[in-house]
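Notes follow once the structure below has been shown.
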Amino acid sequence: MAEDYAVKYELLHVEKHTGARLGKITTPHGEVMTPMFMPVGTQATVKNVSTRELREIHSQFILANTYHLWLRPGDELIAQAGGLHKFMDWDGPILTDSGGFQVWSLSQHNKISEEGVTFRNHLNGEKMFLSPEVAMRIQNNLGSDVMMQLDEAIPYFETYDYVKNSVERTSRWAERAMAAHKRPEDQALFGIVQGAGFKQLRKQSANDLVSLDLPGYAVGGLSVGESKEEMNRVLDFTVPWLPENKPRYLMGVAAPDSLVDGVMRGIDMFDCVLPTRIGRNGTLMTKHGRVVITNAKYKNDFSPIDLDLDDYGSTHYTKAYLHHLFNANELLGQNIASVHNLRYLLKLMEDMRQAIAEDRLLDFRAELMENYGYNKK
Ligand SMILES: CNc1nc2c(CCc3ccc(C(F)(F)F)cc3)c3[nH]c(N)nc(=O)c3cc2[nH]1
């Protein structure tokens with residue numbers, strides 16, 4: 001069965017003291033090592049960063065968004081351009097989210113039914129309809145290597161019955177997505193496990209989706225305002241219900257400590273907008289915690305931005321220069337800070353893969369928590 005899937009996962013090593021694993025994902029656009037971090041490129045661009053720079057900092061997978069690209073410039077236009085890879089000059093793997101979560105978080109008046117979600121286009125107020133089939137058609141046109149099923153994104157603190165009904169709908173929507181899937185040999189469809197904080201519902205969701213034998217699985221419905229402890233509690237019982245020989249994607253997880261905690265629990269793939277979002281405001285992610293470059297103390301600091309990193313900006317520009325760029329509202333500052341933060345996270349994952357290979361992930365975690373300042377009381 002697996003050979004006719006577009007995406008294959010190979011488990012290379014399980015870390016001796018934790019649930020962390022080293023793996024390789026083979027896609028139609030190349031192989032990537034896991035655990036990995038995927039830069040988010042919502043509207044066919046990782047904001048303020050060119051694909052040349054993404055290649056320079058060894059990005060592997062990048063993300064793009066069904067909802068945004070459907071609304072603008074339109075998935076048909078991107079199909080005419082030859083697909084998203086050609087349109088944005090990215091020849092590595094691309095993952096697209098199904099848009100359900102973005103509808104829920106971006107647009108008003110959304111009404112959900114068994115058929116799908118009706119909502120108002122947040123750009124022009126036009127009434128739109130997104131169903132499991134429409135989400136597949138759009139991602140088909142985008143040509144992404146990994147497509148996410150349309151799932152029902154729900155508030156975390158809902159009642160058991162509400163969440164149970166929603167989980168069962170998401171399972172039915174996964175089957176409809178499979179039925180509408182045109183090219184399983186070119187594009188992999190991942191299921192999304194829901195169930196909020198309810199162990200039985202997470203189990204039901206995982207069992208329903210695993211029985212469909214999809215090429216990969218995401219754990220959804222997390223990083224939506226619940227505490228880190230709550231997220232880890234849900235991961236502790238959910239991840240073991242996912243198959244060991246398939247990739248596991250934890251959606252929307254950002255901070256360095258959450259990445260390590262997810263990896264320790266067997267997660268292979270992460271996406272987060274954090275590095276480019278805080279980069280745009282001049283906040284740098286460094287080995288010793290966050291550096292807010294707009295702080296006056298950097299005005300005359302002529303030391304390199306970050307000697308622990310190897311991206312061009314971190315080694316060729318000074319903190320004083322970056323401080324000036326943000327003070328002067330020069331867009332180059334956003335580019336330098338965003339590339340820096342992406343490289344920080346990509347390098348963090350490279351170092352984490354090395355730590356897993358050498359069975360010293362717990363030491364790596366302790367060092368990260370100390371250096372990054374998580375243990376500061
Ligand atoms: C931030 N927290 C979070 N993000 C979540 C996301 C979005 C992930 C995403 C994917 C692609 C992009 C793109 F802009 F690059 F396209 C941007 C963000 C979820 N997505 C779905 N489908 N189900 C979920 O249950 C879910 C839970 C999520 N928690």
Side-chain angles (χ1 to χ4, degrees), residues 37-47 49 54 59 61-72 75 78 84 88 90 92-107 110 112 116-117 122 130-132 134-136 138-139 142 144-156 158 163 166-167 169-171 173-174 177 189-197 201-202 205-206 209 214 216-228 230-231 234-235 238 248-255 258-259 262 267 269-278 342:
F37 154 71
M38 305 182 283
V40 168
T42 309
Q43 300 189 101
T45 163
V46 176
K47 294 190 184 330
V49 179
L54 285 177
S59 287
F61 256 95
I62 63 169
L63 267 56
N65 201 293
T66 297
Y67 172 79
H68 294 86
L69 294 172
W70 177 31
L71 269 50
R72 181 178 54 188
D75 55 297
I78 292 178
L84 196 49
M88 69 181 288
W90 179 253
I94 297 178
L95 181 148
T96 44
D97 197 3
S98 50
F101 188 81
Q102 286 75 30
V103 167
W104 181 60
S105 51
L106 274 177
S107 77
N110 32 18
I112 196 149
V117 192
H122 73 282
L130 182 61
S131 68
V134 169
M136 289 302 281
I138 296 166
Q139 295 177 89
L142 301 179
S144 44
D145 301 277
V146 175
M147 316 191 311
M148 302 311 293
Q149 70 156 98
L150 182 65
D151 55 336
E152 185 178 351
I154 53 173
Y156 194 79
E158 266 295 350
V163 176
S166 173
V167 159
R169 172 170 289 161
T170 289
S171 298
W173 281 5
L189 170 65
F190 279 20
I192 304 177
V193 174
Q194 294 289 353
L201 297 182
R202 285 280 174 185
S205 182
L209 297 175
L214 290 164
Y217 294 96
V219 180
L222 291 174
S223 186
V224 287
E226 80 288 352
S227 70
K228 289 186 179 181
E230 176 61 14
M231 171 157 31
V234 171
L235 290 176
T238 303
R248 300 147 174 183
Y249 165 24
L250 176 54
M251 304 187 89
V253 166
S258 302
L259 294 176
I267 296 291
M269 301 163 71
F270 301 87
D271 83 86
C272 47
V273 291
L274 191 77
T276 42
R277 178 172 293 170
I278 63 176
L342 289 171

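In listed order, ligands and their atoms are each counted from 1. Since the model is a prediction, treat every value here as computed from it, not as a measurement.
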Quiz item: When you measure from atom 1 (C) of ligand 1 to every protein heavy atom, which one gives the shortest distance, and what is it?
Solution: Gly252 O, 3.4 Å
Quiz item: In terms of atom number and element, which parts of ligand 1 are under 4.0 angstrom from non-hydrogen atoms of Asp271?
Solution: 8 (C), 9 (C), 18 (C)
Exercise. Say whether Gly100 and ligand 1 are in contact under the criterion: heavy-atom distance to a ligand atom below 4.0 Å.
Key: no
Quiz prompt | Gap separating the OH atom of Tyr217 from the CZ atom of Arg248, nearest 0.5 angstrom | solution = 11.5 Å
Quiz prompt | Where ligand 1 meets Gln102 - atom numbers and elements under 4.0 angstrom, heavy-atom basis | solution = 7 (C), 9 (C), 17 (C), 18 (C)
Quiz prompt | Leu209 to Ser171 - nearest heavy-atom pair and separation | solution = CD2-CA, 4.3 Å
Quiz item: If we only count N/O pairs under 3.5 Å, is Asp97 in contact with ligand 1?
Solution: yes
Practice problem: Mind checking whether Ala254 contacts ligand 1 via backbone (N, CA, C, O), side chain (CB onward), both or neither, at a 4.0 Å heavy-atom cut-off? | Solution: neither
Self-check item: contact_flag Met251 ligand 1 heavy-atom lt 4.0 Å
Solution: yes
Exercise. Out of Trp104, Phe101, Tyr249, indicate the one that has the non-hydrogen atom closest to atom 5 (C) of ligand 1.
Key: Phe101
Practice problem: Please step through side chain to side chain donor-acceptor pair (under 3.5 Å) for the pair Asp151 and Gln194, ending with a clear verdict. | Solution: CA-CA 8 Å; Asp151 55 336; Gln194 294 289 353; 2.8 Å; yes
Quiz item: Identify the closest protein heavy atom to atom 29 (N) of ligand 1: which residue and atom is it, and at what distance?
Solution: Leu222 O, 2.8 Å
Practice problem: Mind listing the closest non-hydrogen atom pair of Ser98 and Gln149 along with its distance? | Solution: OG-O, 2.8 Å
Quiz item: Do you know the tightest heavy-atom contact between Thr238 and Val234?
Solution: OG1-O, 2.7 Å
Exercise. Among Asp97, Thr96, Thr66, find the residue that satisfies the side-chain hydrogen bond (donor to acceptor under 3.5 Å, both in side chains) test when tested with Ser144.
Key: Thr96
Self-check item: Neighbour count >12 (heavy atoms, 6.0 Å) for atom CZ, Arg169
Solution: yes
Practice problem: Would you mind running through ligand 1 and noting each atom that sits below 4.0 Å from a heavy atom of Ile192? | Solution: 22 (N)
Quiz item: Looking only at heavy atoms, what is the nearest atom pair of Asp271 and Gly252, with distance?
Solution: OD2-N, 2.6 Å
Quiz item: Is the closest heavy atom of Ala153 to ligand 1 under 4.0 Å?
Solution: no
Exercise. Go through ligand 1 atom by atom and flag the ones less than 4.0 Å from a non-hydrogen atom of Ser223.
Key: 1 (C), 2 (N), 3 (C), 29 (N)
Quiz item: What are the atoms of ligand 1, with element, lying closer than 4.0 Å to any heavy atom of Leu63?
Solution: 10 (C), 11 (C), 15 (F)
Quiz item: For ligand 1, which part of Val253 has a heavy atom less than 4.0 Å away: the side chain, the backbone, both, or neither?
Solution: neither
Practice problem: List the steps and the verdict of ring-ring contact (aromatic ring centres under 6.0 Å, His included) for Trp104 and Phe101. | Solution: CA-CA 5 Å; Trp104 181 60; Phe101 188 81; 5.6 Å; yes
Self-check item: Geometric N/O contact Gln194 with ligand 1, under 3.5 angstrom
Solution: yes
Practice problem: Look only at interatomic distance and state if Gly220 has a nitrogen or oxygen under 3.5 Å from any nitrogen or oxygen of ligand 1. | Solution: no
Quiz item: Which atoms of ligand 1 sit under 4.0 Å from any heavy atom of Gly221?
Solution: 24 (C), 25 (O), 27 (C)
Exercise. Could you pull out the closest heavy-atom pair between Ala254 and Cys272, with the gap in Å?
Key: CA-CB, 3.4 Å
Self-check item: Closest non-hydrogen atom pair, Leu250 against Leu235
Solution: CD2-CD1, 3.8 Å
Practice problem: Would you kindly specify which portion of Asp151 sits under 4.0 Å from ligand 1, judged on non-hydrogen atoms: side chain, backbone, both or neither? | Solution: side chain
Quiz prompt | Residue and atom name of the nearest protein heavy atom (relative to atom 12 (C) of ligand 1), distance in Å to one decimal | solution = Asn65 ND2, 3.6 Å
Practice problem: Assign the ring pair His122 / His68 to parallel, tilted or perpendicular, where the plane angle (0 to 90°) is split at 30° and 60°. | Solution: perpendicular
Quiz prompt | Residue, atom name and distance, where the atom is the protein heavy atom closest to atom 14 (F) of ligand 1 | solution = Thr42 OG1, 3.1 Å
